[in-house]
Amino acid sequence: MASHGLCDDPATLTRIREAEVHRLMGLMIPQPENEEVFRTLTCFAHLVLLAEDLLFDGSPSAGGFGAIIEQAGRVMRVMESPGYRVSGADDPYTLALVDVMNRLRKASSPGRVGRLTHEMRRCFAGAVRGISALHGPDPLTEDQYLSIRLDDVAGHLTIVLIEMCGSEPLPEDTWQSPAVLACLESAGMVGALDNDLFSYRKESVHDLNLINVLQATRGLSVQQAVDETMKVRDRVMRLFLALREELLVGAPAPLRYLLEQLGQALRGHVEWGLTAPRHTGASAENGAAENGAAVGPVGSLSGCWADQPSSDDPDPLPCPSVSWWWDQTGQASGRALAQQQ
């Protein structure tokens, strides 16, 4: 990114440093089977967060929604064009993105790169929908929020990043298995709700957040809404663990790799969210100096983990967008998927 001038702007360089994406990727994917893909995807993840900050920060840009959609469309065209020819009119972000995509196409398969591009488009679509909802006349329902948030927070995209670091691609039929899809989406939702919780202090007034939605729909106080968000999060986490346990039984290698890394990813995402300057508000330099290392104040997290979930309710959430996930328990196993292959 620095070689293309993306770090020349002090504000952009600060965003990159405070995001600590390199640490996030290391925490989420501690066992990459393809190191070259992992390193390239770390650069890609930096660009994703920059796009989120620069395009989808909750406020329409100077050009309004039309400008946001146009810029997102240009990013997508770069991603989906294998032979994109850069010109003097291209900005540093575009140059860096072209470089990253060229590297990925050399290191990974066309199918995997195509899925990454598809999920980036889904992420942009969710972000646009989220901004529209924030500035719309009617408050969001909880179901509407959950359906937006899974895409807006890049839940599907993150899962693809993890899968691409495995040595074997996950077959298309496995991706489309209802039980696998429910398991993967529930993991993405846990990450989305974790993000709602650890980013609330910084972005509470301006952000699309379940805490704000619950205050509006149920008339809850901030603390009540925080507690209820945690309960929703833990109910979805229990479901993810149940589905993952079923799918791991006899799972083929690509599915096993993805499911095992997802457990690491959820834990690592929380640690990053509670310590990265992007969310804590502390400067990256000060955080490193105060804690003696660049990895952040991990020791201070000892009081952040609960011994048991905040809710033991096994019933589906009353939201059609996600309630079908619970129907998939007991419906499939990794062994059955392996036999189908």
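The closest side-chain heavy-atom distance from Asn212 to Tyr200 is below 4.5 Å. Between Trp175 and Leu181, the closest side-chain pair of non-hydrogen atoms is not below 4.5 Å. The shortest distance between side-chain heavy atoms of Leu50 and Leu6 falls below 4.5 Å. Within the 4.5 Å cutoff, no side-chain heavy atoms of Leu220 are placed close to those of Ile211.
Side chains of Asp234 and Ser310: a donor on one and an acceptor on the other come within 3.5 Å. No hydrogens or angles considered: a donor-acceptor pair under 3.5 Å links the side chains of Asp90 and Tyr84. Side chains of Gln331 and Asp327: no donor on one and acceptor on the other come within 3.5 Å.
For residues 239-254, there are no side chain to side chain donor-acceptor pair (under 3.5 Å) pairs, not counting sequence neighbours. For residues 94-108, the side chain to side chain donor-acceptor pair (under 3.5 Å) pairs, not counting sequence neighbours, are His4-Asp99, Asp91-Thr94, Asp99-Arg103. Screening residues 214-270 for ring-ring contact (aromatic ring centres under 6.0 Å, His included) gives Phe198-His269, His269-Trp272 as the qualifying pairs, with residues at least two apart or on separate chains.
Remark: Glu163 does not engage Arg115 in a salt bridge, criterion side-chain N to carboxylate O under 4.0 Å. Classification of Glu80 and Arg77 as a salt-bridged pair holds, one side-chain N sitting under 4.0 Å from a carboxylate O. Of the charged side-chain nitrogens involved, at least one lies within less than 4.0 Å of a carboxylate oxygen, so that Asp196 and Arg149 count as a salt-bridged pair.
With Gln31 as the partner, the side chain to side chain donor-acceptor pair (under 3.5 Å) test is satisfied by one option alone out of Gln264, Glu260, Gln261: Gln261.
Taking Arg129 as the reference, Ser147 meet the side chain to side chain donor-acceptor pair (under 3.5 Å) condition, with sequence neighbours excluded. Shown here are the side chain to side chain donor-acceptor pair (under 3.5 Å) partners of Glu35, two or more places apart in sequence or in another chain: there are none. With sequence neighbours left out, the salt bridge (Lys or Arg N to Asp or Glu O under 4.0 Å) criterion links Glu185 to no other residue.
Residue-environment remark: CD (Glu172) exceeds the threshold of 12 foreign heavy atoms within 6.0 Å. Within a 6.0 Å radius of CZ in Arg256, other residues, nucleotides and ligands contribute more than 12 heavy atoms.
Across all their heavy atoms, Gln215 and Ser221 have their closest contact at CG-O, 4.0 Å. The minimum heavy-atom distance linking Leu266 with Gly191 is given by the pair CD2-N, 3.9 Å.
Taken to the nearest 0.5 Å, the CG atom of Leu97 stands 6.0 Å off from the CG atom of Leu47. The distance from atom CZ of Arg112 to atom OG of Ser109, rounded to the nearest 0.5 Å, is 5.5 Å. The structure places CG of Leu247 at 11.0 Å from OG1 of Thr329, a figure rounded to the nearest 0.5 Å.
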Review point. Going through the distances and angles, do Tyr93 and Thr12 end up as a side-chain contact (heavy atoms from CB on, under 4.5 Å)?
Key: CA-CA 10 Å; Tyr93 185 97; Thr12 300; over 6 Å; no

Exercise for review: For the pair Arg233 and Glu228, evaluate salt bridge (charged side-chain N to carboxylate O under 4.0 Å, His left out) and give the outcome as yes or no after the intermediate values.
Suggested key: CA-CA 9 Å; Arg233 182 262 187 207; Glu228 188 60 30; over 6 Å; no

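In the hydrophobic clustering of this structure, Val160 groups with Leu41; members are Ile, Leu, Val, Met, Phe, Trp, Tyr whose side-chain heavy atoms approach within less than 4.5 Å, directly or through other members. Under the 4.5 Å side-chain heavy-atom criterion for ILVMFWY residues, no single connected hydrophobic cluster contains both Leu27 and Val153.
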